[in-house]
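Along the sequence shown, residues carry numbers from 1. All heavy atoms count here, side chains included; hydrogens, waters and symmetry mates do not.
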Amino acid sequence: MPLDEQELESALSLLLEDLEGQIGDVGDIYTRLTQILNGMRAFGMPLPDDLVRLERELAEELGASKSKS
C-alpha cells in the first residue's frame, strides 16, 4: 500500500534519525531511502538535493561492495 504524503514525511524523519544513529546496514538504509524518494516522486513532491545525492552515493557504494564479492 503506497504511503500518503504525511506518512512519507514521517518515514523520512525516522530514516534520518537512523542515519544519525548509524542504525541498520547500508543496504537497508538505501532501500528505505529509495522507497521514500520514490513515494515522493509519485506525489510530485520536491526532493531534497542532499537525499538524492545520498541515494546515488549509497547506490555506488553498494555496487562497489557487490563487485568485490
Side-chain angles (χ1 to χ4, degrees):
M1 175 180 220
L3 301 176
D4 66 24
E5 289 182 50
Q6 187 174 11
E7 290 170 325
L8 284 169
E9 290 176 7
S10 177
L12 183 56
S13 177
L14 288 172
L15 176 64
L16 293 174
E17 287 177 20
D18 287 351
L19 285 172
E20 288 176 6
Q22 298 297 322
I23 298 172
D25 64 35
V26 174
D28 177 53
I29 290 171
Y30 171 74
T31 300
R32 290 170 56 197
L33 177 60
T34 299
Q35 290 172 343
I36 292 167
L37 291 178
N38 285 341
M40 293 174 75
R41 288 176 182 110
F43 278 106
M45 297 170 69
L47 302 177
D49 291 336
D50 55 343
L51 294 181
V52 172
R53 186 172 46 254
L54 176 61
E55 179 186 36
R56 189 175 336 124
E57 290 171 1
L58 290 174
E60 290 171 5
E61 182 178 328
L62 289 170
S65 67
K66 286 183 182 179
S67 65
K68 290 180 184 178
S69 301

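When atom types are taken as modelled, the side chain of Thr34 and the backbone of Tyr30 share a donor-acceptor pair closer than 3.5 angstrom. Side chain of Glu7 to backbone of Asp4: a donor-acceptor contact under 3.5 angstrom is found.
Counting heavy atoms from C-beta outward, Leu12 and Leu51 have side chains that approach closer than 4.5 Å. For the pair Glu9 and Met40, the minimum side-chain heavy-atom distance is 4.5 Å or more.
For the atom pair CG of Asn38 and CG of Leu47, the computed distance is 9.0 Å after rounding to the nearest 0.5 Å.
Ion pairing of Asp49 with Arg53 is absent here, as no side-chain N (NZ or NE/NH1/NH2) approaches a carboxylate O to less than 4.0 Å. One finds a salt bridge joining Arg41 and Glu55 here, because a Lys/Arg side-chain nitrogen approaches an Asp/Glu carboxylate oxygen to under 4.0 Å.
Taking all atoms of both residues into account, the shortest heavy-atom contact from Leu15 to Ile29 is CD1-CG2, 3.9 Å.
Atom CG of Asp50 has more than 12 neighbouring heavy atoms from other residues, nucleotides or ligands inside a 6.0 Å radius.
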